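Just so it is clear, the structure is predicted and the values come from calculations on it, not from any experiment.
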Amino acid sequence: NTENALDHEMIEGIEVYRIGKSYKNKIIKFLILQFLFLKLYFSKFRKQKIDLINVHYAFPLSLVLVILKLFTKNKIVISEYHFATGADISCSEDNPWYVNKMAGLVYRLADLVLVISQDNRRYVKQVSGVDKAIVIKQGTDQDFFSPTFFDENKKKELLAGQEYLLVTTSRISPRKNLEDMIKAIKIINDAGFKIKLVIIAPQQTAPNI
């Protein structure tokens, strides 16, 4: 869905094809995405040696994965970061019923399911009936994300008499559980500690918590 992006390009040695990005209707986009992916696969890659197919989220290419699993020898690896679609929802019950059904089928067919949290692992088990997901926590490149500029005066200003400063960068969304974070800070402060929480959120996001 990247605006004005090329349909085909090389990025750092990786060949990138973008398909289905111009369709707005979700149902039409889902169906056309299956067709376009299969067309691309069988026209460009069918004769190449492919070790595995790695898909982020179980649902968007669910029909494709079922077809490829049944008619090819490709290994299927699912990397799951949320509740099958990547939609900004706070629980799996927010999915349409068919999403969880299809995701469960894909998880069962997959040779490997990778998730980033125990919450994701429970979801995979809940909808698939099998406990096969492996948790690999998200890592952080400490060198890349180290502060370029450090201002001791700014730190003192933010602390303003507090002993500890906690910072989170997040969209203000129910999925991010910021309300629970604020409640937790209050509980800790009520217990006698001095903690300030700074939430860094996108400017266009209106705080509603």
Answer whether the closest heavy-atom distance between the side chains of [X] and [Y] falls below 4.5 Å.
X      : Y      : value
Val77  : Leu114 : yes
Ile134 : Val115 : no
Leu178 : Ser170 : yes
Ser79  : Asn54  : yes
Ile50  : Tyr41  : yes

Step through the shown structure and confirm whether more than 12 heavy atoms of other residues, nucleotides or ligands are within 6.0 Å of [atom1] on [X].
X     : atom1 : answer
Ile14 : CD1   : no
Lys75 : NZ    : no
Phe42 : CZ    : yes
Ile27 : CD1   : no

Under 3.5 Å, is there a donor-acceptor pair between the [X] and [Y] side chains?
X      : Y      : answer
Tyr164 : Asn189 : no
Tyr81  : Gln138 : no
Glu15  : His8   : yes

Query raised in the report: Where the side chain of His82 meets the backbone of Ile89, is there a donor-acceptor pair that is under 3.5 Å apart?
Result: yes
Do NZ/NE/NH1/NH2 and the carboxylate oxygens of Arg18 and Glu9 come within less than 4.0 Å? yes
Taking 4.0 angstrom as the limit, do Asp51 and Lys49 come out as a salt bridge?
yes
Aromatic ring proximity, centroids under 6.0 angstrom, Phe83 and Phe59: no
Tell me the closest heavy-atom pair linking [X] and [Y], and the distance in Å.
X      : Y      : value
Asn100 : Asn95  : OD1-ND2, 3.1 Å
Asn120 : Ser117 : N-OG, 3.1 Å
Ile200 : Val167 : CD1-CG1, 3.6 Å

